Amino acid sequence: MAKLNLDRDKVDVCRELASALVHPVQKYIDLHSTVSIERSVLRLMGLTGALKDENGNYPLANLIVDKMDRRQLSLGIATWIGAAKLKYDAPLEVLATRIIQGKINLADLPEPPPEAIRKVLLSPVSEAIKRIDFNRKERERLRSRSPFPRGPMKYVIVATGNIHEDVKQAIAAAQNGADVIAVIRSTAQSLLDYVPHGATTEGYGGTYATQENFKIMRSALNDLSQKMNRYIRLCNYSSGLCMPEIAVMGAQESLDFLLNDAMYGILFRDINMKRTFVDQFFSRVVTARAGIVIQTGEDNYLTTADAFNNHHQVLASHFINEQFAKNAGMREEQIGLGHAFEMDPAIEDSFLFEVAMAELVRDIFSRHPIKYMPPTLHKEGDIFFSHVLDALFNLAGCMTNQAIQLLGMPTEAIHNPFLMDRFSSIKSANYIFKAASSLGEEIQFNANGKLARRARTVLDQTHEYLLKIKDMGLMESIERGFFAEMPRPKDGGRGLDGVFQKARRYYNPFLEKLGSSR
Amino acid sequence: MAKLNLDRDKVDVCRELASALVHPVQKYIDLHSTVSIERSVLRLMGLTGALKDENGNYPLANLIVDKMDRRQLSLGIATWIGAAKLKYDAPLEVLATRIIQGKINLADLPEPPPEAIRKVLLSPVSEAIKRIDFNRKERERLRSRSPFPRGPMKYVIVATGNIHEDVKQAIAAAQNGADVIAVIRSTAQSLLDYVPHGATTEGYGGTYATQENFKIMRSALNDLSQKMNRYIRLCNYSSGLCMPEIAVMGAQESLDFLLNDAMYGILFRDINMKRTFVDQFFSRVVTARAGIVIQTGEDNYLTTADAFNNHHQVLASHFINEQFAKNAGMREEQIGLGHAFEMDPAIEDSFLFEVAMAELVRDIFSRHPIKYMPPTLHKEGDIFFSHVLDALFNLAGCMTNQAIQLLGMPTEAIHNPFLMDRFSSIKSANYIFKAASSLGEEIQFNANGKLARRARTVLDQTHEYLLKIKDMGLMESIERGFFAEMPRPKDGGRGLDGVFQKARRYYNPFLEKLGSSR
Amino acid sequence: MGFFHKKEEANLEHHEPVITAYGDQMNDGMVQMSFTLPTTCGLESKEAAKLFVEKMGFEKVMVTHMEAISDNFTFFVVYGKTNQHIDIREIKVVRPEHPVFSFDEINEVIEKKIGRKLVVVGACIGSDAHTVGIDAIFNMKGFRHDWGFERYPWLSAYNLRAQVAVEDLVQKVVALNADAVLISRVVTQRDEHIIELKKFLDLLKNTSGVSPHLIKICGGPRISFEDAISWGYDAGFGPGTKPSEVASFIVHEFLKRAGKN
Amino acid sequence: MGFFHKKEEANLEHHEPVITAYGDQMNDGMVQMSFTLPTTCGLESKEAAKLFVEKMGFEKVMVTHMEAISDNFTFFVVYGKTNQHIDIREIKVVRPEHPVFSFDEINEVIEKKIGRKLVVVGACIGSDAHTVGIDAIFNMKGFRHDWGFERYPWLSAYNLRAQVAVEDLVQKVVALNADAVLISRVVTQRDEHIIELKKFLDLLKNTSGVSPHLIKICGGPRISFEDAISWGYDAGFGPGTKPSEVASFIVHEFLKRAGKN
Ligand code: B12
Ligand code: B12
Ligand SMILES: Cc1ncc(COP(=O)(O)O)c(C=O)c1O
Ligand SMILES: Cc1ncc(COP(=O)(O)O)c(C=O)c1O
């Protein structure tokens, strides 16, 4: 039910503008690859191991890509793995060990003809894709057997730093009624240019995203889902310098959701924009195939830019994120745009305006599994009051039929959620979602009221903003702080040195097989 | 804005039915008086003192009325005070002391002619009324100088048992944003057939309603109102066996609100129904003149009868309470009907249904200062969850534009409010009333939706219920447990021995001056 | 909804026996507190709150919120880490030992083993006007899908409801020759309920004509089985009690005393 | 809204000096608590919760809520009465002594008494990516109607924002010949902020070219003036800080050191 009486033409124009302004960036993307993408290719083909040294575990995929010079890499790591396979006819693991030991020097190999490479990689590549496809179907099967939650899905985070403790807390949350468990990453993992390895028990404000940790949590949740006859979804972060690799891990370990945004890393982690744009594309090519739903991070904008005045930034970014995702072959049902209930609670009619924004996003992106983030910025140490803020947030989410509700915590301004914080939070959401179950269907907003006018104003502002961005160029507008009031220089930030231009004969079998027809 | 599209004819029919069914009871009322009414006459004329004996303080008014036999009393105490005045020409206080000391024996006095009595009482009676009128105007003046609260008035209780401690807590509450302070009475004061005297510091679960306590609190709040430039309203209970007397005290000490119900005492305190009906009439005659707003107690029904299934009992009682009040000369603006948010939170769509009920009451009684009571019955010891229940209650009150919101406490199921409980509660209401300030104006309910249909069903049930009550007789239907599932026999309960038939020459100057034209 | 009050024995098998509070990891000892101090709001008060909680033996005390309630009072939210531990193996709880029967089973047992209706009298005593609790046990419709005593064909149930003077209740017990008396107390301010409950027992002792086998039960939201026993009752029932639990106890106790168990 | 964090001195004149928690009357000592125990939900756990709180020294302990979080954890809400008291006369708080000036006053003082712009450099250090706090102090628009450093005509303000390595910050301080450095830390897990903040000071000591008069300030939601001083900073600012408070401190400290106060 579209309730805001929006100007549909304006919505269409916004989409077209976004498509147009993304186009030059997409062109750039198409001509480039990154070290992370190349490592992802290796990971897809099963190279998920790591080597232990005095600094801990370092992934085999990194060791190999680190060994390549840029000229070679510009042909794609697959070219050289193909070459090695052609010459030594051994499984990837074996080749990798020898390469790392220096027994095989890829630089010495001749570049084989394209057809030969394609042929020798045929089997590992299709194995890789089969694994992903199998997971997707398996998840579809499990989901279809379990009741679809009425009202927004209840999404909670666990963040103890210790995967085994996380499992306990995830189980408790699911038993209380949570539908989605997101394992928050350790602070600053996004700045690591490699993925940590193995089961980990020490993280800061979160737990490292590792393949083993993914496996442990997935398996615990699958067991629980079976016991409860209710499928529990799992979420992690395909974000930061290893965005593509984590997308691969998510696909391989059968995650349901991945936080993944075309611009978040730029704005909030000071990662270079070119690196991020190129990486997000490949990560989305993988998640598209894996049937994973991505969740974008526009909610974060409202923590640095005032939520009342800047909602058009969120909406503009939604249109942009959507276009990037579509370019990577994602269906609308996979694009979980993120927004948030972040207005200053001291504003008169803040709840009204929050509902207006939530409804606006829902109206414009009606097929998207929208993710609604709770108040965070305006929370303080009064846990009783924070609990009330979350109650209105829950009601807003339920009234406007958001797909996913990230449950707020009374202790948001204090610490990572204690077990009891999450418990209280879920209990509150269970009540509100049930108590207001049909509320959204039962009310209409006055056609020209404060609420509807607010929504329309924001749409107008978004339209103008997109026009400006298109004129200026997306990269340039980021340089000028158009999003979240975080200006970022085109060649600044981390990870630019991991970006390279593709050679004409660049080869990436997964991009070839999975990439959209663009 | 009437939003429910109610059948206005049906509403009118309900009013007519209520008027008709109240009629025979009103007839009974007109023929009777009670010891409490006679004591009120003395109190109105200024006899507010008490005598101390080994059991504590016992009011002069009681001592005098206790001395009268029923034959004498059937002429009205005023007759005998008139007689004494005629004979001794002394102020009431002096006469009273002598009567109590046995120096004057009223039984020995001859019954003077009506005109003589009227004449000799003229001055004390008009003094009494002047005092009440002065208070009313003074309150009007104070109220008009202070901003009218936007959204429901925030009403909180204090209940320490100690009037001085109550004052501290009332001041804190008002500073936090409360608009109304209600001083809860000590448990079971309603069963005392006299009003305790003086400032009291020991009560059980509440503070005794005494004239001195009224004075202390009123004066503290007046000082504060002046400091804050915001008038703080004061509330107490004209309820129980001394209902009329407390109405007088409220008028004399300039209270703004009095809990006062035509049937609450019968149902919830097992006070005899005849006593209650007669008493409520005179108490309302007084409050009508005093410009005090009464608050009825139908909210209580939903603590003993299930709120989803029995809302028509509440509504039927509202119509009845309204008629009784009108009979006593009250304006609609003085009739604060009470209802409550008491549905089981486990019910699907409970919030929707609560909003339907709140809107229904508001729609039907649109000029009445409706008082909305918080969830209590379904609260348990989880204060965090209770706080969320109250949040939705606050939103419902604000959305449906209730006049007075009695703020719920997170510790409702535990203890009388601690200072911090009230603080958290007010803070939450401050936020919600501001955040959803215009929400009610911005939404429409679907004309034939779940919510509107629920409201209409309850109106239909109410109509049928009133029909049944009219057929059966109000007293008989109470005997059968029609209200709150509390059957009460016509001649059972407390206080029937205090009711007596008026003689033909019964004289009550206040009834004569203030009573409506009926 | 998660509203429930467990009475079952806690299953402690799979747990460490010596425990402390759990915030987000084992043995972190994290406890949340809130309280008011009678002082103005300011840095000194914040420090006072911290020291206050430290004095209670907490470490790593974090005052996460301070706000003025009025000129004279300040509200605090605090987190702290305790070093206290409890050995749950050492906890002994007094609880009714009887099995809980269903409505049908109870009637059947009374019919078969006793062969006459049991007479039960209930009331909420003193100035306490709360009937909902005692009604939940007696009224036909019962409580949470568990039928009340009035529906039991093998019980003669008399519910005097609320504000019943203990003197009147004793008289009624004698008059009806009751097998069990059931008393409710909801208002517990200043432990008034304990005084009233004990007063009833005293009066009972000094009254002739009371069946020596009378089963004496009390109940209410702040009453535990253990407390009731300590006051001299045969059983006490707290929040969430269902009628069948109470009926089961009565039948069980009756049979035990008759040596028929 | 009542969101505020008082920094003023608590006015203690009209208060009893020896205080305890206030529930609804003086000296009742009532404190609310909530916590989780790692055990299943049942009567034993309730008793465990009670004993646990009693062990902390509370009396009249009332477990008002118990609910299963999972098979292995149980949630409790508890009220108890403490006997601890605090004498507020004995509380000494370390706080900045300077008066807080307005935007105009500060600029005027710098112009008149110093005669050149003061150079201030700010950053959120380490892996901490929270810019909102440091931005609140630096950005033009400021914070809660109090303008930020960038708008002060008599400040040269450089905001490096977040994720700044301490090494880079030191370099910048030297390069700009800063008069004051302002560091933000928001993430405080495992006291990482203290380690980073101290690391900065160490590095500063071992770097040549740093002005000996450099004013060193840190801030963040979990930082107090007192802590900052103890770590070796000249001042620390906690939640709710406004730019003008910080600017006032800088000017005051600068003049003090220059003997111009
Ligand atoms: C409903 C209610 C009322 C209604 C009562 C209507 C009625 N006819 O019963 C009204 C509105 C009239 C009322 C009035 C007052 N109330 Co009241 N009321 C409540 C409320 C909201 C719910 C109680 C309830 O019905 N619970 C539901 C029933 C089913 O639960 P229950 O009583 O625990 O009963 C269960 C078990 O305990 C057990 N049980 C109970 N009795 C018995 C007996 C036996 C033999 C057995 C086996 C089992 C058993 O089985 C039952 C079913 O499981 C509570 C707050 C709350 N949420 O608990 C306050 C509360 C109980 N009331 C309170 C007070 C103070 C009052 C007043 C005294 C206030 C005043 N000063 O005016 C008045 C006066 C009444 C009086 N003198 O007693 C306080 C008591 C504080 C205390 N601990 O002492 C409470 C806790 C509210 C508060 N925070 O202040 N109240
Ligand atoms: C906004 C926010 C974010 C935004 C930050 C955007 C940005 N560019 O700043 C985003 C969404 C990116 C984010 C991410 C994370 N966050 Co964050 N975040 C918050 C949040 C909601 C608000 C913080 C805020 O902006 N407050 C408003 C400002 C104005 O207040 P302030 O920082 O206190 O600043 C004032 C004063 O302290 C002082 N001040 C501050 N610094 C300085 C410096 C000087 C020199 C002076 C004088 C004064 C001063 O003046 C300011 C104005 O008064 C808090 C929760 C909360 N409500 O507090 C969590 C919170 C701070 N985040 C937290 C965490 C753990 C993270 C993550 C690490 C989570 C993760 N594992 O992924 C990530 C990663 C970021 C990282 N590595 O640092 C935790 C920190 C826990 C702890 N105590 O260690 C919090 C408390 C949330 C929680 N409960 O878990 N976060
Ligand atoms: C898209 C996206 N990625 C990642 C993160 C998490 O931050 P980090 O960079 O610390 O992993 C967020 C946080 O909200 C996010 O929205
Ligand atoms: C009309 C009315 N009178 C009185 C009371 C208070 O009860 P008590 O009889 O204890 O004074 C209430 C309680 O809600 C009420 O609604």
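These numbers come from the heavy atoms of this one structure, side chains and all, not from hydrogens, waters or symmetry mates. Chain naming here is simple, since letters A, B, ... match the order of the sequence lines and numbering starts at 1 in each. Keep in mind that this is a model prediction, so the values were computed, not measured.
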D:M30 side chain reached by B:H415 side chain, heavy atoms, under 4.5 Å: no

Taking atom CE of D:M62 and atom CD1 of B:I414, what is their separation to the nearest 0.5 Å? 6.0 Å

Residues that D:E90 engages under salt bridge (charged side-chain N to carboxylate O under 4.0 Å, His left out), provided they are two or more places apart: none

When only heavy atoms count and the cut-off is under 4.5 Å, which of residues 397-406 of chain B reach chain D? none

For B:E348, is the CD atom crowded, meaning more than 12 foreign heavy atoms sit under 6.0 Å from it? yes

Answer yes or no: are there more than 12 heavy-atom neighbours, outside D:W147 itself, under 6.0 Å from its atom CH2? no

Chain B contact residues among residues 22-29 of chain D, heavy-atom distance under 4.5 Å: D:Y22, D:G23, D:D24, D:Q25, D:M26

Given that the side chain runs from C-beta out, which part of D:Y79 has a heavy atom under 4.5 Å from chain B: side chain, backbone, both or neither? side chain

Those residues of residues 151-184 of chain B that come under 4.5 Å of chain D on a heavy-atom basis, listed by number, are B:T160, B:E165, B:K168, B:Q169

When rounded to the nearest 0.5 Å, the distance separating CD1 of B:I383 from OG of D:S34 is 7.0 Å

